[in-house]
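Shown next, in structure tokens, is the structure this report addresses.
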Amino acid sequence: MSHEGSAILALPAHCECLYNLEQLHAALDTMALEINQQMAGSDPVLVLTVMNGGLVTAGQLLPRLDFLLEVDYVHASRYGNRIEGGKLQWQHEPNVALEGRRVLFLDDILDRGITLQALVDYAREKGAASVHTAALIQKRLPEPPAVAADFLGLTVPDRFVYGFGMDYRGYWRNAPGVFVASE
């Protein structure tokens, strides 16, 4: 693929790449293998992408899954365009009923797990038969998250990261890798 004539994405000054695209794709391959092994079955899986950050992870992971699935999304956030979490805000609930369904949440990053725990609780309250979680990235924090991801790609230090779907102040979701924001 030629990039002649196209602009190169200008990343913030002094950024550090933690994972390049090759490393991210290898992690997605491993996640897909684990998900395929554990979630295969005759009943379709309802995959709920956690927006906005989970969009790139879902777009890259879904073609790697080899079982019958249905896709929808949820949009609940504690961050918005901020770099520190606040109160959970629901912006979109799934359009399909969760009752009796096998549900898989796909998210970009798991840090304290407060948002993901709220989503798991929501799915259980709505009668999901089973609830599973997948996160491409998990922060290494002193305390374990409120909910563990059933399927996990990579870990990062306790710093603000962006790229591959994760934003920095609302931008750089399209950065070709996972980067550490300069302090």
Interatomic distance, Asp107 atom CG to Thr57 atom OG1 [nearest 0.5 angstrom]:
8.0 Å
Applying ring-ring contact (aromatic ring centres under 6.0 Å, His included), name anything that partners His92, two or more places apart in sequence or on another chain.
Tyr73
Short side-chain donor-acceptor distance under 3.5 Å, Arg102 and Ser130:
no
Qualifying residues under side-chain hydrogen bond (donor to acceptor under 3.5 Å, both in side chains), relative to Gln91, sequence neighbours excluded
His75
Testing the basics here: between Pro157 and Leu18, what is the closest heavy-atom pair and its distance to 0.1 Å?
CD-CD1, 3.9 Å
Does any non-hydrogen side-chain atom of Met166 lie less than 4.5 Å from one of Arg173?
no
Name all residues meeting the salt bridge (Lys or Arg N to Asp or Glu O under 4.0 Å) criterion together with Arg101; count only those two or more places apart in sequence or in a different chain, and write none if there are none.
Glu70
Determine whether Leu68 and Val45 make a side-chain contact, defined as any pair of heavy atoms from C-beta on separated by less than 4.5 Å.
no
Using side-chain heavy atoms (C-beta onward) and a distance below 4.5 Å, is Val156 in contact with Leu154?
no
Kindly work out whether a path of hydrophobic side-chain contacts (I/L/V/M/F/W/Y, heavy atoms less than 4.5 Å apart) joins Phe179 to Phe160.
yes
Is there a side-chain contact between Leu98 and Tyr122, using heavy atoms and a 4.5 Å cut-off?
yes
Under 4.0 Å between a side-chain nitrogen and a carboxylate oxygen: does that hold for Asp158 and Arg140?
no
